[in-house]
Amino acid sequence: MAVAASTPIELINGVYATLDERVGAARERFGRSLTLAEKILINHLDRADQELERGESYVDLRPDRVAMQDATAQMAWLQFMTAGLDEVAVPTTTHCDHLIQARVDGKRDLMAAVDNNEEVYDFLESVSAKYGGGFWKPGSGIIHQVVLEQYAFPGGMIIGTDSHTPNGGGIGMIAIGVGGADAVDVMTGFPWNVKWPKLIGVKLTGSLNGWSAPKDVILKVADILTVKGGTGAIVEYFGEGANNISCTGKATICNMGAEIGATTSLFAYDDSVARYLKSTGREEVADAANAVAHHLRADDEVLANPEAYYDQVIEIDLDTLTPHINGPHTPDLAREVAALGAEARENGWPLEVSAALIGSCTNSSYEDITRAASIAREATANGLTAKTRLLITPGSEQVRATITRDGLLQDFEALGAVVLANACGPCIGQWDRSEEEGHETGTPNVIVTSYNRNFPKRNDGDAETLAFVTSPETVIALALAGTLDFDPINDTITNDAGEEISLSTPIGLELPDAGFDPGENTFVAPPADGSGVDVKVSPTSDRLQLLNAFTPWDGNDYVDLPVLVKAQGKFTTDHISMAGPWLKYRGHLENISGNLYLGAVNAYTQADGSDYEVGYGKSQINGSIKLFPALAKDYHEAGVNWVVIGDENMGEGSSREHAAMEPRFRNGLVAIARSFARIHETNLKKQGMVPLTFADPADYDRVDEDDRIAVRGLADLAPGQQVTVEVTKPSGEVISFPTNHTFSDDQIEWFKAGSALNVIKSKTQ
Ligand code: MIC
Ligand code: SF4
């Protein structure tokens, strides 16, 4: 498999070649016009005759590519290695972006990362070389930016082991975030299985103006749909407003669609996408897309009468959309920027901004940087400086080289900003604030970022940090003001000379006039024959550990299971398997299990009525109070299997399959929640666990701390049939309630075999 630094035009032409026939056949089959998502999905079906009922049928698809970032690729490659194949079946790339810690500045931090993560980078580079994968070295940029710049193409389909893979939807590609085991399906030549999605249409009218940015569109959509409103759905944007947004702006909107739980988000191919393709050196891709442009958007009848085609339609008028800022603790808590000061006062949040951060895969495009830089430049000219720490992370080496060439980084540096490495950095807790002047860990403080997530502890590991997400231009404005109580449109800032300075409207450049500067070449192509390459995993490593297969189901019902944790409220993947300092163990299942449920808020109270500290629970072996990972280890060592109970949207956020592998490794068998996020639910199934949802959400309250759980009728587990959960109270009283599941017939095989990987191995070996 010759994996290059970009998608070969032959691959793209191959995808376009089947559009006419397949789209035509589907129009006939449904007897109606088609939306864009339908066209692309239909063109990637493994078999044309599959049942396609929205929100019901599971379908097999054939993605064109796989992309993985370093923090999730390790586990994916470790699983792939056990399949015994010579090479990947589909072009696959690995991107080093998550493991670089922000401490001093880009250069020094990158050098330190190369040193600290040497073993992991060597593993990823050698395993890619052996099995024919492309390797993007640390410093190349954030996976989603690199994919947008190099690999994404209109009408294509990619899966990526990261929840923000939908960034590629900005170019008109179906780009879906998955767990590593899903990627392994495709890398080993099997189709990728997903529920045929529902479709949400978002009609954009008017055009963005003034301080409003693409970010505000998705902040508003998150407000409307909430963190679970997009679950099981693809969000398709259309309308004249969509045509007025740049390609990278569209990517911002699609990227953060992950925060509403959407399977992915998508824009049509249009002039802005063509301009972006040309500017990033892909003129021939634009030419090929132009030739099939009518297939790269929804049919006219759909656009004229969207209610008849989408399951839900939302309309947003860009003319009147105002700048928004969301948070803290959840990305769907929205309000206008102008209203934040008053709300902060009401809630007792500090007004002072302790740090302002621009970057992340969501908002680090050339246009983003130029808009923010225009404010920075004018501020300097008016004698203003940042009143808070200001950190900038370029999204990719290409963006870094281009904004350096064009003098934009200098605009930020003039304000006192520090430029970090082209990486995720503080967005994923890779941020050491210990040397930050005037900042003390554990004190309530506010940060504003242009990122997408803001769960507690996410950025700096400090539960006292309140994080707000907004557009890059608003981040700069708040950095200059130093306070949340600032409306960039109407308020002024006093400079050292005592003058009142108003900020002008940000001005951006969609694309660099002089084209992009590719910067340093950071791509490593695999050798033509990788069979001689040695993949080294030291048996004594504390970063990497070869995997043992999970044991198959023994054919019996699960009985007598204690509840390891019953989580209350948010139970995101950051709560289940936190990142930051734990990222270093992403290739070592046993070591990373030391973080299991550290962020869980225990729904029970202690014997004296007081709340447990976050991350603590009671042992059903000896009554001691311990951290959840220690309890899980005790159960594992004692051979005790257990259950985890979750609240709404369990597993929201990341695609990290560690959140499913760790519990499975530590003897967890069943997860029962009020609802699940899509990727996490799939990850649990893939690893052989049984995710169930309470048929009556109120039954969540009927599970007490010292109860024992039985799951009945597992031998008859079948699609669409409820599963009975029996709860035995310490008194001996038994209650039971029905639960639902989403297993398909194929997925039941994963459970029976012990994991999806075991099923693959039975076919490849
Ligand atoms: C995230 O934004 O939460 C991450 C870190 O990129 C994750 C992936 C991971 O945990 O490695 C994601 O979004 O999937
Ligand atoms: Fe990286 Fe943050 Fe994007 Fe996740 S959301 S890929 S951590 S930049």
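Order of listing sets the numbers, starting from 1, for every ligand and every atom in it. The figures that follow rest on heavy atoms only: side chains count, while hydrogens, waters and symmetry mates do not.
Under a 4.0 Å heavy-atom criterion, Arg586 is in contact with ligand 1.
The part of Ile428 lying near ligand 1 is the side chain, judged by heavy-atom distances below 4.0 Å. When heavy-atom distances to ligand 2 are checked against a 4.0 Å cut-off, Met256 has no atom that comes that close, whether in backbone or side chain.
Relative ring orientation between Tyr597 and Phe628 is described as perpendicular, the plane-to-plane angle rising above 60° on a 0-90° scale split at 30° and 60°. Between Phe676 and His680, the ring-plane angle classifies as tilted under the 30° and 60° cut-offs. The aromatic rings of Tyr151 and Trp136 lie perpendicular to each other, with more than 60° between the two planes, well past the 30° mark.
Here Lys686 pairs with Asp182 in a salt bridge; the nearest charged N to carboxylate O distance falls below 4.0 Å. By the 4.0 Å N-to-carboxylate-O rule, Asp574 lies close enough to Arg458 to be salt-bridged with it. A salt bridge is defined here as a Lys NZ or Arg NE, NH1 or NH2 lying under 4.0 Å from an Asp or Glu carboxylate O, and Lys570 with Glu652 meets this definition. Between Arg543 and Glu119 there is no salt bridge, since no side-chain N of the basic residue sits under 4.0 Å from a carboxylate O of the acidic one.
If you check which protein heavy atom lies closest to atom 7 (C) of ligand 1, you get Ser654 OG, 3.2 Å. In terms of protein heavy-atom proximity, atom 13 (O) of ligand 1 is nearest to Ser163 OG, 2.5 Å. When hydrogens are left out, the protein atom nearest atom 10 (O) of ligand 1 is Arg656 NE, 2.5 Å; that is the closest non-hydrogen contact.
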(message) Between Ser655 and Ser163, does the side-chain hydrogen bond (donor to acceptor under 3.5 Å, both in side chains) criterion hold? Intermediate values first, please.
(response) CA-CA 5 Å; Ser655 65; Ser163 66; 5.5 Å; no
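Checking Arg458, His98, Glu657 against atom 1 (C) of ligand 1, the nearest heavy atom belongs to Arg458.
Distances below 4.0 Å separate heavy atoms of Asn452 from the following atoms of ligand 2: 5 (S). Against a heavy-atom cut-off of under 4.0 Å, His164 is close to the following atoms of ligand 1: 2 (O), 13 (O).
Between the side chains of Gln79 and Glu657, a donor-acceptor pair is found at a separation under 3.5 Å.
The distance from the OH atom of Tyr451 to the OG atom of Ser364 is 9.5 Å, given to the nearest 0.5 Å. Distance CG/Leu266 to CD1/Ile176: 9.5 Å, rounded to 0.5 Å.
At a 3.5 angstrom cut-off on N or O pairs, Gln69 counts as close to ligand 1. Polar contact check, Arg453 against ligand 1: a nitrogen or oxygen pair lies under 3.5 Å apart.
For atom 1 (Fe) of ligand 2, protein N/O/S neighbours under 2.8 Å (waters excluded) are Cys424 SG.
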